[in-house]
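Each remark here refers to the structure printed beneath this line.
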Amino acid sequence: AFVAQRNFLIPAFAVWILCWGIAIYILYLIAVPTGQASVIGILQYNAPTIALSALATLIGALVGQLLAQRSQRSAAAI
């Protein structure tokens with residue numbers, strides 16, 4: 001977000017969704033041979049990690065935007 005210096009929240013969440021989608025798909029493929037493949041089960045098992053990573057993505061994008069704005073203000077004041 002600091003490099004982008006603008007609305008970075010949507011791209012950050014898009015990448016987050018893409019990464020988790022790939023991870024869930026791979027976990028599903030691993031579970032298929034065992035006969036226990038359930039996307040709902042995988043999501044339930046990984047829900048705390050998914051939620052924490054969503055929070056970390058949100059905080060990271062917002063802090064990066066804040067730092068970029070603060071950097072722009074201080075550069076303009078010089």
Side-chain angles (χ1 to χ4, degrees):
F2 185 74
V3 174
Q5 298 182 359
R6 278 191 225 148
N7 296 331
F8 194 71
L9 193 58
I10 293 172
F13 267 106
V15 170
W16 175 80
I17 289 170
L18 177 68
C19 289
W20 270 109
I22 292 169
I24 298 300
Y25 179 70
I26 290 170
L27 290 171
Y28 179 80
L29 290 178
I30 291 170
V32 167
T34 66
Q36 298 177 349
S38 166
V39 174
I40 300 297
I42 293 169
L43 289 173
Q44 286 176 342
Y45 186 77
N46 291 292
T49 307
I50 293 169
L52 286 175
S53 67
L55 182 62
T57 301
L58 173 68
I59 291 171
L62 292 177
V63 167
Q65 286 179 356
L66 179 66
L67 290 173
Q69 290 172 357
R70 187 175 291 176
S71 172
Q72 287 175 348
R73 279 190 227 138
S74 66
I78 295 176

Result block: side-chain N/O donor-acceptor pairs under 3.5 angstrom for residues 21-36, not counting sequence neighbours:
from  : atom 1 : to    : atom 2 : distance (Å)
Thr34 : OG1    : Ala31 : O      : 2.6
Thr34 : OG1    : Gln36 : N      : 3.4

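- Hydrophobic clustering, with ILVMFWY side chains joined whenever heavy atoms are under 4.5 angstrom apart, keeps Val15 apart from Leu58.
- Both Leu67 and Ile59 belong to a common hydrophobic cluster when Ile, Leu, Val, Met, Phe, Trp and Tyr are linked at side-chain heavy-atom distances under 4.5 angstrom.
- Taking a 6.0 Å sphere around CZ of Phe13, one finds it holds more than 12 heavy atoms contributed by other residues, nucleotides or ligands.
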Please output the side-chain donor-acceptor pairs of residues 46-53 that fall under 3.5 Å, not counting sequence neighbours, one pair per line with the distance.
from  : atom 1 : to    : atom 2 : distance (Å)
Asn46 : ND2    : Ile42 : O      : 2.9
Ser53 : OG     : Trp16 : NE1    : 2.8
Ser53 : OG     : Trp20 : NE1    : 2.8
Ser53 : OG     : Thr49 : O      : 3.2
Ser53 : OG     : Ile50 : O      : 2.9

